[in-house]
**Student:** 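Quick one: this structure, given as structure tokens, is what I'll be asking you about.
For clarity, every value in this text was computed on a predicted model and none was experimentally measured. Positions are given from 1 along the sequence.
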Amino acid sequence: MFNNRFYTLAPKYLTFDGSSLVVPIIVSIIALYVMQAVKNKEWGLFAEISYFIGITVLFQLFIVGTYVY
């Protein structure tokens with residue numbers, strides 16, 4: 001799923017077989033853990049989903065985005 005530029009520029013620990021599936025799953029798990037650690041009991045479902053999406057996008061941007069974009 002990643003483009004060819006990613007596979008030529010990214011470090012080896014991000015370019016293994018299946019990395020286009022495994023890396024987003026790992027980032028999502030880390031984002032879920034962070035969200036669970038900082039969430040407030042008063043948060044509704046919309047706030048939790050928005051925060052999770054925001055953290056996931058931020059992590060993806062810093063981990064993979066520097067090589068893809």
**Student:** So which atom in Val27 and which in Thr56 form the shortest heavy-atom distance, rounded to 0.1 Å?
**Tutor:**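 For Val27 versus Thr56, the nearest heavy atoms are CG1-O, 4.0 Å.
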**Student:** Do Ile30 and Val57 belong together in a cluster built from hydrophobic side chains that touch within less than 4.5 Å?
**Tutor:**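 They do not share one cluster, since no chain of ILVMFWY contacts under 4.5 Å joins Ile30 to Val57.
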**Student:** When rounded to the nearest 0.5 angstrom, what distance separates CE in Met35 from OH in Tyr51?
**Tutor:** 9.5 Å
**Student:** What I'd like to find out is whether the side chain of Tyr33 reaches to under 4.5 Å of the side chain of Ile29, using heavy atoms alone.
**Tutor:** no
**Student:** Side chains of Phe59 and Ser28: closer than 4.5 Å at any heavy-atom pair?
**Tutor:** no
**Student:** To the nearest 0.5 Å, what is the distance between CG (Leu32) and CD1 (Ile55)?
**Tutor:**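 Atom-to-atom, Leu32:CG and Ile55:CD1 are 9.0 Å apart.
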**Student:** Are Ile49 and Phe52 connected into the same hydrophobic cluster when the rule is that any two of I, L, V, M, F, W, Y join if their side-chain heavy atoms are below 4.5 Å apart?
**Tutor:**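 Hydrophobic grouping puts Phe52 apart from Ile49.
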